[in-house]
*Asks:* 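Have a look at the structure that comes next, please.
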Amino acid sequence: MIISIPVGFRALPLPVAQLSLAAVLQCGQSFRWSVFPLPYPDFSVNPDAPRHEYRVCLRDRVVCLRQTPDTLFYRAVYPSPSLDPKEEANKDAETLSWIRDYFQLDVDLLDLYSQWSKLDPVFHKLKDRFEGIRVLRQDPFECLLSFICSSNNNITRITKMVRALCTQFSSPVISLPPPNAEPGTELEPYHPFPPPSALSAPEVTATLRTLGFGYRAEFIQKTAKMLADNHNTSATSSAKMQEPAELWLTTLRQMSTSEARNELLKFMGVGRKVADCVMLMSLDKREVVPVDTHVHQIATKHYGMSSSSKSKAVKTTMTPKLYDELSSKFVGIWGEYAGWAHCVLFTSDLKAFASYGLETSSPSPSAPPSMSTTPTISAASTPSASPAKRKRAASKINVVKTEVVATVAEVSEDGSLAERVKRRRQLRVVATDPSK
DNA sequence: CCTAAACCCCTG
DNA sequence: AGGGGTTTAG
């Protein structure tokens, strides 16, 4: 099979089993990729030719990707066309290294798939249908704001909102025609994701509301302002560089899962689910399994999971306790890369998963053995403390109101989710209203 | 410590 | 009517 390299693209050998762009770029991890169908006259001539081009704007360039069963084609387009060749080569190397980082290509997905298959019969039956699904390593600020938008929402609308955020609050770096377009086709502007400083002004809330963000408008602006106020203390030297607040968010990669979660929960509009998504998809917390209502449904139906306290039907509400139970059970099943396994099963092809359930649900509830017992969970995912210590910490917060920050720092080692939320509320007061 | 309702917009 | 959630009030 001969595949010609598209003009301007470089080739990176990569089996589609290691990465499937079609599955990964549109499954609700990132909401900013544009997809273009490639108008080939006849695919029967070359059935393996790429059908789509994917594009996204990164800082000063637009990255374009195409894929065949064994090759990833990539190129970047820059605003200034006449660079000297050496500079050009540098930038291309930069683009390749960004791709390797963004798709985490050093992680062998085939290894993981075979591990999960041994650990989980349900996964074993499904794995062939979900090739090449991996967790992206996204920019933390973009990830945080995108998932604040995700509450009570669907992928289509989140995508529209994130797009609106970019077109409204950042300048386009370049305008390009769609791939394989006729001459004279209208150019399309490409906007990078806006930095915190562009979203922190109070008027931003109203603008976002007119753009259809609803109650999330305030969350976005408050979160951006909190980041800018706390971390953008010195000016950013270059427009191409990240702001200090963005760099600070990235440092959460160095922290433990529970520490990073505590930091994220301080932001307005960020609860457990959003925090976990941000940690999994941008902060290297690969064991974290975010739980939403859909995961809950599948968990009870296919894995025999149900809240230990309430043995009601599938109609139970998602309490913090239930969330913890479900999340830790999946970590117990899938292990170190549990979040990645979750991604394969739940955020790719939900309909295929549902149909699988219809086929096999009646004969035998083939739940994995680890379901029945409480699995051992790493300390990082479920911090525990003596009840006495916890109580002391909680009461301290209620009494002391003036030195909240110091108190929080002291007790932030542990605590239930509810307690963390309480602490967050007080922290927000300090962070957003210094006068009080 | 835990539960329930509102929130804003889009889709069925 | 209800949704891949969070906040606020009880």
Side-chain angles (χ1 to χ4, degrees), chain A residues 26-31 143-165 205-223 226 261 264-278 280-281 288-301 307-310 312 314-327 330 339 342-351 353-354 385 387 390-395 397-398 415-429 432:
Chain A
Q26 292 176 287
C27 69
Q29 290 194 60
S30 169
F31 303 93
C143 197
L144 176 62
L145 264 56
S146 298
F147 280 93
I148 287 176
C149 294
S150 77
S151 73
N152 247 338
N153 212 343
N154 55 62
I155 292 177
T156 311
R157 181 149 85 109
I158 301 166
T159 303
K160 283 178 194 160
M161 289 162 69
V162 171
R163 195 175 303 279
L165 205 54
T205 305
T207 308
L208 289 176
R209 280 208 174 253
T210 67
L211 292 171
F213 278 63
Y215 59 86
R216 304 166 197 86
E218 200 180 358
F219 294 163
I220 297 287
Q221 184 269 331
K222 280 247 173 72
T223 293
M226 190 169 148
R261 183 181 286 129
L264 292 174
L265 288 175
K266 293 174 188 169
F267 295 108
M268 195 65 81
V270 178
R272 174 68 188 266
K273 162 76 185 343
V274 170
D276 282 1
C277 286
V278 173
L280 174 63
M281 301 177 199
V288 169
V289 177
V291 176
D292 55 36
T293 59
H294 188 74
V295 169
H296 181 206
Q297 285 170 20
I298 302 293
T300 55
K301 190 172 178 183
S307 175
S308 55
S309 53
K310 292 204 171 185
K312 282 208 167 187
V314 285
K315 192 64 181 150
T316 56
T317 54
M318 180 56 60
T319 63
K321 190 185 173 201
L322 216 203
Y323 187 113
D324 265 332
E325 280 180 23
L326 292 175
S327 187
F330 280 120
H342 151 275
C343 193
V344 173
L345 286 193
F346 296 111
T347 68
S348 61
D349 193 339
L350 308 172
K351 281 170 187 164
F353 191 90
R390 208 176 279 183
K391 193 171 183 177
R392 172 173 58 83
S395 62
I397 289 172
N398 289 334
S416 69
L417 178 66
E419 285 165 6
R420 284 203 297 271
V421 170
K422 269 186 199 163
R423 293 202 284 275
R424 162 182 56 173
R425 300 239 163 84
Q426 309 220 351
L427 256 188
R428 277 178 189 157
V429 174
T432 57

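Each chain gets a letter, A, B and so on, in the order its sequence line appears, and its residues count up from 1. Because only heavy atoms are used, hydrogens play no part in the values below, and waters and symmetry mates are left out as well, while side chains stay in.
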*Asks:* Which part of the nucleic acid, if any, lies within contact of Arg216(A), taking any heavy atom under 4.0 Å across all strands shown: a base, the sugar-phosphate backbone alone, or nothing?
*Replies:* base
*Asks:* Would the distance check show the side chain of Thr205(A) and the main-chain N or O of Glu218(A) forming a donor-acceptor pair, the cut-off being under 3.5 Å?
*Replies:* no
*Asks:* Could you please name the option among dT7(C), dT3(B), dG5(C) that lies closest to any side-chain atom of Phe219(A)?
*Replies:* dT7(C)
*Asks:* More 5' along DNA chain B: Thr156(A) or Gly214(A), using each one's nearest nucleotide?
*Replies:* Gly214(A)
*Asks:* Taking the P atom of each, how far is dA9(C) from dC8(B), in whole Å?
*Replies:* 15 Å
*Asks:* When the distance from CG of Asp276(A) to C1' of dG4(C) is rounded to whole Å, what number comes out?
*Replies:* 13 Å
*Asks:* Rounded to the Å, how far apart are Lys273(A) NZ and dT7(C) C1'?
*Replies:* 16 Å
*Asks:* Roughly, in whole Å, what's the span from CZ in Phe213(A) to C1' in dC10(B)?
*Replies:* 14 Å
*Asks:* Determine the minimum heavy-atom distance between Val289(A) and Gly339(A), stating which atoms define it.
*Replies:* CG2-N, 4.0 Å
*Asks:* Atom CD1 of Ile158(A) and atom P of dT11(B): how far apart are they, to the nearest Å?
*Replies:* 13 Å
*Asks:* To the nearest angstrom, how far is Asp324(A) atom CG from dC1(B) atom C1'?
*Replies:* 14 Å
*Asks:* Calculate the interatomic distance between Gln297(A) atom CD and dG5(C) atom P; express it in whole Å.
*Replies:* 10 Å
*Asks:* For Tyr215(A) and Arg209(A), which heavy atoms make the closest approach, and how far apart are they?
*Replies:* CA-NH2, 3.6 Å
*Asks:* Counting Watson-Crick and G-U wobble pairs whose two distances are both under 3.5 Å, find the runs of 3 or more in a row that involve DNA chain B.
*Replies:* B:2-7 with C:5-10, B:9-11 with C:1-3
*Asks:* Tell me whether Arg216(A) contacts the main-chain N or O of Ser151(A) through its side chain, where contact means a donor paired with an acceptor under 3.5 Å.
*Replies:* yes
*Asks:* Choosing from dA4(B), dG5(C), dT3(B), which nucleotide comes nearest the side chain of Ser151(A)?
*Replies:* dG5(C)
*Asks:* Would you say the side chain of Tyr215(A) and the base of dG5(C) hold a donor-acceptor pair, judged only by whether the two atoms sit under 3.5 Å apart?
*Replies:* yes
*Asks:* Rounded to the nearest angstrom, tell me the gap between atom CG in Asn153(A) and atom C1' in dC7(B).
*Replies:* 12 Å
*Asks:* Check whether any side-chain heavy atom of Leu322(A) lies under 4.5 Å from a side-chain heavy atom of His296(A), and answer yes or no.
*Replies:* yes
*Asks:* To the side chain of Met268(A), which of dG5(C), dC10(B), dT7(C) is closest?
*Replies:* dT7(C)
*Asks:* Touch check for Val295(A), heavy atoms < 4.0 angstrom, all strands: base, sugar-phosphate only, or nothing?
*Replies:* nothing
*Asks:* Of the listed nucleotides (dC7(B), dC9(B), dT11(B)), which one gets closest to any side-chain atom of Lys160(A)?
*Replies:* dT11(B)
*Asks:* Do the side-chain N or O atoms of Thr293(A) get closer than 4.0 angstrom to the phosphate oxygens (OP1, OP2) of dG4(C)?
*Replies:* yes
*Asks:* Please pick, from dG4(C), dC8(B), dT3(B), the nucleotide with the shortest atom-to-atom distance to any side-chain atom of Asn152(A).
*Replies:* dC8(B)
*Asks:* Quick check for you: among dC10(B), dG4(C), dC7(B), whose closest atom lies nearest to any side-chain atom of Ile155(A)?
*Replies:* dG4(C)
*Asks:* Determine, stepwise, if the pair Glu325(A) / Lys321(A) fulfils side chain to side chain contact (heavy atoms under 4.5 Å, CB included).
*Replies:* CA-CA 6 Å; Glu325(A) 280 180 23; Lys321(A) 190 185 173 201; 3.7 Å; yes
*Asks:* Going by side chain to side chain donor-acceptor pair (under 3.5 Å), Arg157(A) matches just one of Asn153(A), Asn154(A), Thr159(A). Which one?
*Replies:* Asn153(A)
*Asks:* Whole Å only: how far is the CG atom of Asn154(A) from the P atom of dG2(C)?
*Replies:* 17 Å
*Asks:* Go through the structure and list residues passing side-chain hydrogen bond (donor to acceptor under 3.5 Å, both in side chains) with Asp292(A), not counting sequence neighbours.
*Replies:* none
